[in-house]
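First the structure, in the form of structure tokens, and then the observations on it.
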Amino acid sequence: SPGNTFLQEMKISVLSALQRWHELYLYCERIAADTVKFDGVFIKDLEILNPLSNVSPAKHLKPDTFDGFSDSKNSGGIKLCSKAVAEAILRISPNLQSLYLRALRLEERCHPALSALSSLSNFIVKFTPSKIEQYQWLEEEKRKMEQTIKRKETGDTLFRNGDYDDAVKEYTACLALDSGGVNGIVEGIIGGRMNAVLHCNRAAACMALSKYRDAISD
């Protein structure tokens, strides 16, 4: 059932374990878009049944965004604008929000992700202190997003300027942000479009430095 939160969370957990980040963020957005269909339905004595009572009616996220698509895999060409993403983050289960933001970042959608992060940060200020504590992960995710954008852009600039050694360092640091790596050592493969691009860019820099083994490794 598309409205069963437990099943939604289970599916997201599986997609995360399989590192299918593109499908993951699209599925989260499909869930969010489905909730827009109920905007304005829970009124008067039905208000107490509204699971999104504190969320404003959507202005940019459309309820029919994913209509005609059987699943997230087939709706791969859809990309929500930053304002729609900022609304979507508030319409999914709190247990899915961190993975949604991570998936956006790993699929090279950092700028919409930053809009969503800002939206969520502004939304939780009305929460009780104990509930706000559950969102301590937000600051770390914001740091990773900002560092991902900064280090990739710096690496690209260094590469264009022919400073291949430093470009490799920036790409390596960027890869380590989400892999548990330290001191330039990357542990494991996280997957996602962003990491694929970073590996390709680092390989190109290694080729320019005649470090062919390192390039092959990437």
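Ion pair K142/E139 not flagged as a salt bridge, since none of the NZ, NE, NH1 or NH2 atoms sits closer than 4.0 Å to an Asp/Glu carboxylate oxygen. Using a cutoff of 4.0 Å between basic side-chain nitrogens and carboxylate oxygens, R30 and D34 are not scored as salt-bridged.
Side chain of K62 to main chain of K59: a donor-acceptor pair is present (N/O by atom type, distance under 3.5 Å, no hydrogens or angles). Between the side chain of N4 and the backbone N or O of L7, at least one donor-acceptor pair lies under 3.5 Å. Counting only distance, with no hydrogens or angles, the side chain of Y171 and the backbone of G155 share a donor-acceptor pair below 3.5 Å.
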Output, in order, the C-alpha distance, side-chain angles, deciding distance and verdict of side-chain contact (heavy atoms from CB on, under 4.5 Å) for R102 and L24.
-> CA-CA 10 Å; R102 186 186 188 197; L24 192 156; over 6 Å; no

side-chain contact (heavy atoms from CB on, under 4.5 Å) between M194 and W21, worked out = CA-CA 11 Å; M194 174 63 79; W21 304 109; over 6 Å; no

Would V36 and E87 count as a side-chain contact (heavy atoms from CB on, under 4.5 Å) if you check the C-alpha gap in whole Å, the side-chain angles of each, and the deciding distance to 0.1 Å?
-> CA-CA 10 Å; V36 181; E87 292 178 340; over 6 Å; no

Step by step, work out the side chain to side chain donor-acceptor pair (under 3.5 Å) result for E29 and T65.
-> CA-CA 9 Å; E29 291 171 352; T65 300; over 6 Å; no

Evaluate the criterion side-chain contact (heavy atoms from CB on, under 4.5 Å) for residue pair F66 and L26; output intermediate values, then yes/no.
-> CA-CA 9 Å; F66 295 92; L26 282 173; 4.1 Å; yes

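Nearest approach of E9 to S93, heavy atoms of both residues: OE2-OG, 2.8 Å. For R91 against A58, the heavy-atom pair with the smallest separation is NH2-N, 3.2 Å.
By the rule that hydrophobic residues join a cluster once side-chain heavy atoms approach within less than 4.5 Å of another member, I43 and V55 end up as members of separate clusters. Connection of L96 to Y135 is established within a shared hydrophobic cluster, with ILVMFWY side chains joined at heavy-atom distances below 4.5 Å, either directly or through further cluster members.
By the 30° and 60° cut-offs, the orientation of the rings of Y25 relative to H22 is perpendicular. The aromatic rings of F127 and F123 sit perpendicular to each other, their planes meeting at more than 60°, with 30° as the lower class boundary.
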Return all side-chain donor-acceptor pairs below 3.5 angstrom for residues 158-170, not counting sequence neighbours, or 'none' if the list is empty.
| from | atom 1 | to | atom 2 | distance (Å) |
| --- | --- | --- | --- | --- |
| R160 | NH2 | T157 | OG1 | 3.3 |
| N161 | ND2 | T157 | O | 3.3 |
| E170 | OE1 | R151 | NH1 | 3.1 |

Show every donor-acceptor pair shorter than 3.5 Å between a side-chain atom in residues 103-121 and any protein atom, with sequence neighbours excluded, or say none if there are none.
| from | atom 1 | to | atom 2 | distance (Å) |
| --- | --- | --- | --- | --- |
| R105 | NE | E141 | OE2 | 2.6 |
| R105 | NH1 | D178 | OD1 | 3.2 |
| R105 | NH2 | E141 | OE1 | 3.2 |
| R105 | NH2 | E141 | OE2 | 3.2 |
| R105 | NH2 | D178 | OD1 | 2.8 |
| E107 | OE2 | R193 | N | 3.3 |
| E108 | OE1 | R193 | NE | 2.8 |
| R109 | NH2 | L80 | O | 2.6 |
| S115 | OG | H111 | O | 3.4 |
| S119 | OG | A86 | O | 2.8 |
| S121 | OG | L117 | O | 2.9 |

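With a 4.5 Å cut-off between side-chain heavy atoms of Ile, Leu, Val, Met, Phe, Trp and Tyr, the cluster of V14 takes in L18.
Summarising the local packing, NZ of K37 is surrounded by more than 12 heavy atoms from other residues, nucleotides or ligands at distances under 6.0 Å.
Looking at Q134 and I124, their side chains never come closer than 4.5 Å, going by heavy atoms from C-beta outward.
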